[in-house]
Amino acid sequence: MSDAFDLIVIGSGPGGYVCAIRAAQLGLKVACVEKRETLGGTCLNIGCIPSKALLQSSENFHEAAHSFADHGILIDSVKLDLERMMARKLEVVQANTKGVEFLFRKNKVTWLKGEGKILGAGRVSVSGTEYATKSIVIATGSESTPLPGVAVDETRIVTSTGALELSAVPKHMVVIGAGVIGLELGSVWSRLGAEVTVIEFLDRIVPTLDADVAKDFQRILEKQGLSFKLGSKVTKAETTDKGVTLTVEPAKGGEATTLDADIVLLAIGRRVFVDGLGLADAGVALDERGRVATDAHFATNVPGIFAIGDVRVGPMLAHKAEDEGMAVAEILAGQAGHVNYDAIPSVIYTWPEVSAVGKTEAELKSAGVAYTIGKFPFSANGRARAIGMTDGYVKILAEKTSDRLLGAQIIGADAGGLIAELVTAIEFGASSEDVARICHAHPTLSEAVKEAALAVEGRAIHI
Ligand code: FAD
Ligand code: NAI
């Protein structure tokens, strides 16, 4: 038996590394097991960070090619250096993963390099060496969900990982799944010059958004050149030297057609990753959807073993994983860690961005909650006009009788930043009236949030 720890965290993604650092801050002796060459998990290595680097670079390219002239800036020709774009993405990733390594050293968290396996409560092996620990936190994250008949090779048929590494701009990219990954990475390659077709099983895009917001979002993306085949399913993919031929059928059944692509991006969701972790032998139970079953305090059925992040119930988001990491570390240190699942924002980093927090209209309807809507378009916001980003609006849902804020969705420039105000308001149990009475700087996009709050009672000023 090697060193003994108070806590061993398995997985160094946003859940795992934040948990390890917080527990160390609280005085625990902590190790974090990571089998990847670098820390930071899916998010920093092959997820949030590289995708946002490419979204920014591709947006800059698109702006230079298509929008600068509007501002009176004339450039003779805009050329793409994809190799440099990818190199920059790598630099951004490395700065972040090295940053986590630095934070581990600073907080005296031991990085146990290798594959972790749970041998039972209080016992973890890492590539053959056994360690004793009072508690174990499982934070092993998720992986792309496969689709029968569509074999991923990460060259022609790629997951998000391959789509972040393409060495040339595809002529025609077909994306399977009109969710967050499909639309973000579809946007990247569309802006860089690819024709992008998105195939979606349902008859709408992004099922987690309100139907009207999703429809408006789709219209904006179509204006940008993306095309959609809704209510369709891919049943087969045949790869040749030249590309991929997909067989596509109506989701409800019917005649099959074929579609040729040079790159196919499979993005139909992510599933829990617990391979090789030894959960069955350790007696750790999974829930009906294969996630690690936990109670409200992140505890599994085996005393001393906890789980956080993508492996357990809830949205597969980095900040949800981080907050659960903080909470479980605080619980293990004898404090009262807590996450408010009614106030977790989500952001799609397309341009414009789309953000959401709290309940959707569909959720409120099915719960029988009466609500009012306040909506304000960016086309009536002075700053949005000045920066030439007038697509979209702020939509606020408030409880009809109490006026308490229940949810919000925003399409627009910096929707991801703007949602923070409404997350705070929901966290503090604020009403739309509270938001409407807060002084917002002029001219800023945030005035649209105030105006949407005013619009709940029909008293927006600028519309
Ligand atoms: P992960 O980040 O998946 O980390 C798990 C780690 O555990 C991995 O490093 C893995 O190597 C390691 N591991 C697994 N098993 C073992 C083992 N047995 N031994 C040792 N190590 C092990 N979320 C957002 O909030 N915002 C975004 O913008 C965003 N963009 C995304 C873009 C893409 C392309 C993808 C794929 C995801 C994105 N996400 C985003 C989701 C986000 O990445 C995840 O929700 C988040 O990473 C989950 O964190 P986690 O700590 O649960 O697990
Ligand atoms: P997703 O769940 O967001 O979207 C998957 C889409 O595929 C859905 O619209 C679904 O109806 C559709 N679909 C399912 N099966 C299908 C099939 N057989 N054929 C066609 N369409 C099908 O999943 P996605 O985009 O893969 O992303 C996974 C997760 O990663 C996200 O849910 C999110 O949690 C996280 N993520 C978050 C990001 C962010 O916060 N900005 C960015 C990228 C990923």
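In each ligand, atom 1 is the first atom listed, and ligand 1 is the first ligand listed. Throughout, numbering of the chain's residues begins at 1 and tracks the sequence. Heavy atoms only: backbone and side chains are in, while hydrogens, waters and symmetry mates are out. Given the structure is predicted, the values throughout are model-derived calculations rather than measurements.
- Listed by number with element, the atoms of ligand 2 under 4.0 angstrom from any heavy atom of Leu202 are 11 (O).
- Neither the backbone nor the side chain of Thr208 comes within contact range of ligand 2; no heavy atom lies under 4.0 Å.
- In terms of polar-atom proximity, Val234 is not counted as a contact of ligand 2, lacking any N or O under 3.5 Å from an N or O of the ligand.
- Checked for salt-bridge contact, Asp6 and Lys134 meet the test: a charged N lies under 4.0 Å from a carboxylate O.
- Using a 4.0 Å cut-off between heavy atoms, Arg270 contacts ligand 1 through its side chain alone, with no backbone atom that close.
- At least one side-chain heavy atom of Val100 sits less than 4.5 Å from a side-chain heavy atom of Leu44.
- Relative to atom 2 (O) of ligand 2, the option among Gly179, Gly269, Cys48 with the closest non-hydrogen atom is Gly269.
- Heavy atoms of Ile46 come nearer than 4.0 angstrom to ligand 1 in at least one pair.
- Distances from ligand 1 to the non-hydrogen atoms of Lys320 include no value under 4.0 Å.
- For the ligand labelled ligand 2, residue Val180 lies inside the 4.0 Å heavy-atom shell.
- The environment of Lys117 atom NZ is sparse: at most 12 non-hydrogen atoms of other residues, nucleotides or ligands sit within 6.0 angstrom.
- Looking from atom 19 (N) of ligand 1 to the surrounding protein, the closest heavy atom is Gly116 N, 2.8 Å.
- Nearest non-hydrogen protein atom to atom 30 (O) of ligand 2 is Arg270 CD, 3.6 Å.
- Looking only at side-chain heavy atoms (C-beta outward), Thr197 and Val175 stay at 4.5 Å or farther from each other.
- Using a 4.5 Å heavy-atom cutoff, the side chains of Leu397 and Leu405 are not in contact.
- In terms of protein heavy-atom proximity, atom 52 (O) of ligand 1 is nearest to Asp310 N, 2.9 Å.
- Among Ile308, Thr140, Val311, the residue whose heavy atom sits closest to atom 14 (C) of ligand 1 is Thr140.
- Because its NZ or CZ atom is both nearer than 6.0 Å to the ring centre of Tyr393 and within 45° of the ring axis, Lys375 counts as a cation-pi partner of that residue.
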query = When you look at Lys52 and Glu59, which way does the salt bridge (Lys or Arg N to Asp or Glu O under 4.0 Å) test go after all the steps?
reply = CA-CA 10 Å; Lys52 267 77 253 180; Glu59 180 57 22; over 6 Å; no

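- At a heavy-atom cutoff of 4.0 Å, ligand 1 is contacted by no atom of Pro50, backbone or side chain.
- If you number the atoms of ligand 1 from 1 as listed, the ones under 4.0 Å from a heavy atom of Lys52 come out as 27 (C), 28 (O), 29 (C), 30 (N).
- Taking atom 38 (C) of ligand 1 as the reference point, the nearest protein heavy-atom neighbour is Cys48 N, 4.0 Å.
- Nearest protein heavy-atom neighbour of atom 33 (C) of ligand 2: Met316 O, 3.5 Å.
- For the residue pair Thr294 and Arg312, a side-chain donor N or O sits within less than 3.5 Å of a side-chain acceptor on the partner.
- Side-chain atoms of Glu101 and Tyr17 form no donor-acceptor pair, as typed in the model, at a separation below 3.5 Å.
- The closest approach between Ser346 and ligand 1 stays at or above 4.0 Å for every heavy atom of the residue.
- Residues Thr38 and Asn45 bring a donor and an acceptor atom of their side chains to less than 3.5 Å of each other.
- Residues His172 and Leu259 are in side-chain contact: their nearest non-hydrogen atoms beyond the backbone lie under 4.5 Å apart.
- Residue contacts with ligand 2 do not include Pro315, since none of its heavy atoms lies under 4.0 Å from the ligand.
- Within the 4.5 Å cutoff, no side-chain heavy atoms of Ser232 are placed close to those of Glu249.
- For atom 25 (O) of ligand 1, the nearest protein heavy atom (residue, atom name, distance) is Ala318 N, 2.8 Å.
- Here Arg22 pairs with Glu330 in a salt bridge; the nearest charged N to carboxylate O distance falls below 4.0 Å.
- Counting only heavy atoms of the protein, atom 3 (O) of ligand 1 lies nearest to Thr42 OG1, 2.6 Å.
- Looking at ligand 2, you won't find any N or O of Ile348 less than 3.5 Å from one of its N or O atoms.
- For atom 6 (C) of ligand 1, the closest heavy atom belonging to the protein is Glu34 OE1, 3.5 Å.
- Within the 4.0 Å heavy-atom cutoff, Glu200 counts among the residues contacting ligand 2.
- Of the candidates Gly141, Gly15, Ser160, the one placing a heavy atom closest to atom 34 (C) of ligand 1 is Ser160.
- Heavy atoms of Leu277 found under 4.0 angstrom from ligand 1 belong exclusively to the side chain.
- Asn96 places a side-chain N or O within donor-acceptor distance of the main-chain N or O of Val92, the cut-off being under 3.5 Å.
- In this structure, atom 49 (O) of ligand 1 lies nearest to the protein heavy atom Pro14 CD, 3.4 Å.
- Between the choices Ala321, Cys43, Gly47, Gly314, the shortest heavy-atom distance to atom 43 (O) of ligand 1 belongs to Cys43.
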